[in-house]
Student: 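Attaching a single structure in structure tokens format; questions to follow.
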Amino acid sequence: MREITYEQAGTEAILEEMRRDPRTFHLATDAPPPLLAEFGPQRVRATPIAESALTGIAVGAAGSGFRPIVNWSQVTFAFVAMDQIVNQAAKIHYMFGGQVTFPMVFRAQVGGGTRRAAQHSQSPYSMFMNVAGLKILLPSTPADLKGLLKTAVRDDNPVISFESGRLGGLVGPVPDGDHTIPLGKADVKRAGTDVTIVAFAWLVHEALAAAEALAAEGISAEVVDPRTLVPFDVDAVRASVRKTGHLLVADEAGPTAGASAEVAALVTEDPETFAALRAPVRRVCALQVPIPYSPGLEDHVFPDRRKIADGVRAMLSGARAA
Amino acid sequence: MREITYEQAGTEAILEEMRRDPRTFHLATDAPPPLLAEFGPQRVRATPIAESALTGIAVGAAGSGFRPIVNWSQVTFAFVAMDQIVNQAAKIHYMFGGQVTFPMVFRAQVGGGTRRAAQHSQSPYSMFMNVAGLKILLPSTPADLKGLLKTAVRDDNPVISFESGRLGGLVGPVPDGDHTIPLGKADVKRAGTDVTIVAFAWLVHEALAAAEALAAEGISAEVVDPRTLVPFDVDAVRASVRKTGHLLVADEAGPTAGASAEVAALVTEDPETFAALRAPVRRVCALQVPIPYSPGLEDHVFPDRRKIADGVRAMLSGARAA
Amino acid sequence: MSTPSPELQREMLRQMQTIRRFEERASDDFRAGDIYGVVHSYIGEEAVAVGVCAALERRDQIISTHRGHGHCIAKGADLNRMMAELYGRATGYCKGKGGSMHIADFEIGMLGANGIVAGGIPIVTGAGLAAQLEGEGRVAVAFFGDGASNAGPFHESVNIAAAWKLPMIYVCENNLYAVQTPAAKSLAQPDVASRAAGYGIPGVVVDGNDVLAVHAAATAAVARARAGDGPTILECKTYRWRAHTERPNQPDSRPADEIAAWKQKDPIGRLVAHLQAQQGQLTEDEWQAMDAAILAAIEDSVAFAKASPFPTPESALEDVFAD
Amino acid sequence: MSTPSPELQREMLRQMQTIRRFEERASDDFRAGDIYGVVHSYIGEEAVAVGVCAALERRDQIISTHRGHGHCIAKGADLNRMMAELYGRATGYCKGKGGSMHIADFEIGMLGANGIVAGGIPIVTGAGLAAQLEGEGRVAVAFFGDGASNAGPFHESVNIAAAWKLPMIYVCENNLYAVQTPAAKSLAQPDVASRAAGYGIPGVVVDGNDVLAVHAAATAAVARARAGDGPTILECKTYRWRAHTERPNQPDSRPADEIAAWKQKDPIGRLVAHLQAQQGQLTEDEWQAMDAAILAAIEDSVAFAKASPFPTPESALEDVFAD
Ligand SMILES: Cc1ncc(C[n+]2csc(CCOP(=O)(O)OP(=O)(O)O)c2C)c(N)n1
Ligand SMILES: Cc1ncc(C[n+]2csc(CCOP(=O)(O)OP(=O)(O)O)c2C)c(N)n1
Ligand SMILES: [Mg+2]
Ligand SMILES: [Mg+2]
């Protein structure tokens with residue numbers, strides 16, 4: 001299969017969908033050269049730095065029959081547009097009784113590791129999960145990003161694609177042709193029997209590395225990648241935990257009211273899965289602090305393969321002890 | 001003890017603290033008459049409708065030695081100020097290495113029941129919990145509101161006081177004198193032995209009503225009111241659950257990545273508490289939808305005493321069955 | 001200044017009076033407990049919505065504010081579905097999910113009332129961008145208050161529309177107050193339209209209680225937008241007669257003589273007088289008959305609302321997502 | 001136009017050259033991997049920070065942008081602690097927590113660089129409000145780019161400052177681009193300062209590469225602010241010599257001849273020429289000695305940074321909250 005980077009996969013998805021549907025157009029504070037070259041400045045607009053307006057413009061254009069694609073660049077720039085996301089995009093279909101649809105896609109980079117400090121390093125996807133009316137992607141591979149993003153552009157709802165800044169250069173196979181992936185289907189990235197690791201985006205790869213290390217110790221870890229946060233494939237996660245009896249959630253965001261908390265709650269509130277749990281759920285997340293600049297500080301804050309593997313070991317030894 | 005309303009308690013807290021410290025001042029799109037009458041238009045400013053600027057103005061004034069108090073009115077109006085909250089207020093002390101302090105208080109009404117539909121009815125406190133660097137109040141009684149708010153004004157950090165719109169007219173006793181309550185101390189609003197109900201704000205009262213009904217059936221429910229979400233009194237909640245073996249979390253917000261999810265996770269990730277759990281954790285929350293206007297729709301969406309009591313019954317019967 | 005035909009003037013009168021009667025009824029029924037939540041009355045400002053919308057075609061789009069009933073009616077919304085929405089019924093525009101602050105009718109290009117001050121301005125600017133991309137000469141209109149003009153989204157939107165020459169009209173309904181706060185305390189400059197020059201676009205101030213003046217200014221702005229010459233800020237000086245909302249005991253600190261003086265400038269009375277002064281264009285009987293027909297239509301809308309079912313509780317779960 | 005003393009002129013020259021040498025070193029060390037994350041170079045724009053800050057007192061406050069080193073130096077920041085911050089050391093201004101985009105020194109009234117475009121404008125307006133509440137004649141200055149002038153917080157802040165007559169100066173560093181986007185495509189009007197009239201305040205445009213012109217305009221604006229007459233928008237036309245950031249392969253589509261033309265207008269060269277043209281005010285030797293001293297100070301700052309420890313990993317948990 002063809003191998004391309006995560007970043008290229010995102011661009012390809014947009015290029016293909018813009019070719020497919022003339023009602024799509026692109027807004028961002030920069031006009032990405034490949035899009036501009038192919039579709040011109042009418043459909044590929046470099047906007048003033050006014051994310052609140054450009055997000056609202058997407059809402060209005062969507063309600064007028066278009067399918068806008070907005071790239072906020074860093075998720076941090078989306079906070080100035082929060083009213084348009086939370087109060088307008090997410091609620092407008094519902095509060096107007098479903099009169100028309102509002103198809104729109106927002107892309108935003110999340111995560112850290114770039115030494116850009118607190119404002120430019122964040123992973124606030126759980127804030128958007130809390131808002132009813134938004135679909136949310138969080139892909140971990142080029143193929144997933146491309147397939148989910150293409151589906152998102154065709155979806156009739158606001159969809160936010162959170163894309164890991166750390167994965168931009170990651171190379172991976174991407175199927176040829178019109179590759180789409182339905183929203184709400186988790187992907188078991190590695191099968192296992194002793195412990196379920198639910199991981200998001202960059203941490204999927206760290207979890208896979210941890211699983212590899214654990215395998216050498218005779219521990220069989222299953223790595224489940226939910227791929228989308230809304231809709232969330234709760235069945236797949238619960239099924240895995242019912243099989244393994246152990247759940248570790250790995251997230252680049254801080255734990256407090258994070259996606260990791262939601263996964264823990266979804267698992268422990270299901271009677272059958274709860275009954276199958278043989279150890280406390282464990283969250284391996286960023287420390288609950290703003291992200292610092294200096295490399296040693298930043299690395300200390302984030303979870304990684306080592307912390308995941310240690311977490312699994314502690315969990316399994318604890319479980320055996322209990 | 002003197003009895004006043006929740007709303008009066010909030011006003012009293014601000015009046016007393018503004019008297020106490022001349023470095024306090026008040027910003028809101030309206031100037032509350034009792035504050036204006038006492039402190040005049042220099043310290044009590046009616047601002048243009050520009051919540052982003054006025055939130056940032058609070059940050060800058062705080063960094064310049066003042067102690068601003070901002071009333072956003074409905075929390076929904078805070079979304080236009082989200083960048084100033086998330087990227088500036090929350091992070092500024094940390095990312096500048098603690099050079100100076102940024103004492104400021106933001107007040108915002110949350111909740112529904114007012115038939116004001118999706119934009120004016122929301123309880124998004126978990127979004128703010130997810131951001132490191134903000135302290136968060138969610139009081140349920142006039143005494144708690146007054147005591148916590150007074151502490152908040154004296155705190156050297158940004159504090160958001162989420163105040164339940166449904167409780168504005170609630171009358172309750174408030175101690176005389178300089179009544180303050182430390183942040184991070186839960187209050188057991190009713191002691192019990194069979195089940196722990198963690199409830200927030202308005203739902204504390206619904207939980208108490210449910211507990212009353214359950215008592216008649218021989219079920220002893222303990223109602224724990226965390227009172228502040230950050231810092232969160234995890235010890236009190238875990239201690240209660242270790243005693244009762246059962247946890248129900250009642251929240252006027254939707255469940256997804258909500259405060260309720262965080263409580264569930266905090267409880268189930270603690271080995272000792274997990275071991276004591278005799279039934280799956282249960283969340284009794286709003287449905288995960290925008291809040292609709294028509295009374296029958298809105299009432300259907302929210303949790304209440306009946307849903308809490310039903311949840312407890314189902315949980316205990318399930319547990320017995322297990 | 002283009003002079004609209006007597007027919008169009010009578011139609012504008014009919015619309016203004018429909019708004020007024022609708023608002024009177026909405027206030028009454030709100031107090032009676034049949035309408036819930038919050039109602040913001042447009043009485044006194046009718047000439048703005050009507051004068052502007054009379055300059056528009058059906059395909060043109062508008063967006064409104066928290067004070068939205070007048071814009072709906074002026075754009076041609078169905079009174080029955082409006083009243084049913086206020087009554088929280090399944091037959092309402094939003095199936096009872098929206099209420100007063102969220103009435104929309106996308107069929108007629110009414111993109112909704114909005115509970116967030118200035119929240120609609122970027123959205124309708126997106127409709128303007130859609131119009132430009134389509135290239136068929138549609139225009140889009142933002143209605144917003146003096147208070148909204150101080151909010152960031154106003155600035156961001158007008159600047160983009162100016163830079164991109166979007167076919168937009170930004171209609172500021174300057175009723176001199178935002179809740180209790182006088183515009184004079186929130187703006188160092190009395191005219192919102194004076195900001196237009198900084199964006200390189202025309203800024204026009206009109207008497208917002210003179211529907212013919214509003215209509216003429218709007219017609220010019222629409223022509224400019226349709227021609228591809230970009231946006232206009234059209235500021236209409238007007239006044240609301242009632243308190244900010246219909247909530248009982250809503251404080252209203254505006255001077256009584258100020259309110260009384262503005263009532264003298266009643267936009268409806270002025271158009272009636274104008275038409276009557278022009279021999280044969282509106283007899284007192286015709287005017288009475290027009291009003292009676294309007295009252296009957298409002299009565300019908302209430303009957304329709306009352307006869308309509310409430311939505312089923314379970315329908316609260318519908319429309320979160322389009323399938 | 002007030003003419004600064006030769007001493008002050010030489011001091012401004014020293015500051016501009018310090019900024020330039022600091023930026024050169026920061027770029028080099030970023031490429032060498034000793035400085036992390038992102039660095040935005042201020043080279044070419046030195047006259048703006050220096051001209052404005054020379055009109056201020058130590059107690060006055062400023063806020064900066066993502067392109068913040070120049071403002072720090074002009075306000076009097078310590079080079080050692082700046083460089084140590086870029087190097088991520090515990091001795092840096094932010095103990096290694098902030099880096100290039102977040103250097104602040106509240107002691108000298110430098111309220112911080114800011115990674116969010118326009119994010120600092122409301123914050124420093126709060127410093128202006130604090131100054132007004134204190135009533136001791138302090139002023140506050142917002143530095144921001146042409147790009148930031150299109151963002152909502154700019155509008156909201158300037159409007160409030162105008163309505164409240166806050167002692168503020170809003171200094172737009174119009175370097176004609178926001179990343180790759182020409183200001184000419186984001187504004188329908190070339191002058192950001194032309195927006196001032198809409199707020200009822202003065203808007204002044206100056207040659208931002210002429211430090212004396214900047215200083216004169218800033219002095220007038222500061223006097224106005226101190227007198228309680230409210231804010232000014234001061235727009236300085238300037239240009240950045242380097243790409244938007246120091247990231248290798250950062251695209252830069254600006255025309256080569258445009259860049260070359262602006263380099264001809266070098267603010268430092270201009271002041272040197274001006275001083276040398278004035279008999280005895282700066283000999284070539286003095287100028288060389290000044291530069292050598294500056295280079296030595298920069299060298300010292302690097303040595304200081306390199307000799308400083310990295311923060312302990314555990315200190316990442318400190319300073320989330322003040323106790
Ligand atoms: C962002 C935001 N802040 C505050 C409010 C509360 N609010 C509702 S209407 C209003 C006043 C609006 O004034 P204006 O724009 O002049 O419109 P008018 O009510 O005068 O028609 C305010 C402050 C809101 N809805 N949205
Ligand atoms: C709200 C926001 N949107 C986007 C960005 C990304 N960004 C960083 S600098 C910049 C350009 C800023 O242009 P300008 O204000 O003219 O300042 P200059 O870089 O020219 O000094 C952009 C878009 C950001 N930091 N913040
Ligand atoms: Mg108004
Ligand atoms: Mg620029």
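Side-chain atoms are counted along with the backbone in the values below, which use heavy atoms only and exclude waters and symmetry mates. Note that the coordinates shown come from a computational prediction; the quantities given were computed from them, not determined experimentally.
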Student: Among Ser194(D), Ala151(D), Ala197(D), single out the residue with the greatest number of heavy-atom pairs under 4.5 Å to chain C.
Tutor: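 Of the candidates given, the most pairs with chain C belong to Ala151(D).
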Student: Among Ser186(C), Pro153(C), Gly200(C), Ala184(C), who wins on heavy-atom pairs under 4.5 Å with chain D?
Tutor: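 Among the listed options, the one with the most contacts to chain D is Ser186(C).
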Student: Looking at His69(C) versus Tyr42(C), is the centre-to-centre ring distance below 6.0 Å?
Tutor: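 Not under 6.0 Å, so no.
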Student: Under a 4.5 Å cutoff for heavy-atom pairs, which residue among Lys185(D), Arg195(D), His155(D) has the most contacts with chain C?
Tutor: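 Option with the greatest count: His155(D).
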Student: Between Ala162(C) and chain D, with a heavy-atom cut-off of 4.5 Å, which part of the residue counts as in contact: side chain, backbone, both or neither?
Tutor: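 For Ala162(C), heavy atoms of backbone and side chain both lie under 4.5 Å from chain D.
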Student: What's the spacing between Glu235(D) CD and Asn174(D) CG if we round to 0.5 Å?
Tutor: 5.0 Å
Student: Quick one: are Pro231(D) and Val158(D) in side-chain contact, heavy atoms under 4.5 Å?
Tutor: no
Student: Please identify, among Trp164(C), Tyr199(C), Phe154(C), the residue contributing the most non-hydrogen atom pairs under 4.5 Å to chain D.
Tutor: Tyr199(C)
Student: Under 6.0 Å between ring centres, would you say that holds for His244(C) and His66(C)?
Tutor: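 Ring centres of His66(C) and His244(C) closer than 6.0 Å.
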Student: Evaluate Arg226(D) against Asp60(D) for salt bridge (charged side-chain N to carboxylate O under 4.0 Å, His left out), listing each step before the verdict.
Tutor: CA-CA 10 Å; Arg226(D) 281 208 216 287; Asp60(D) 297 326; 2.7 Å; yes
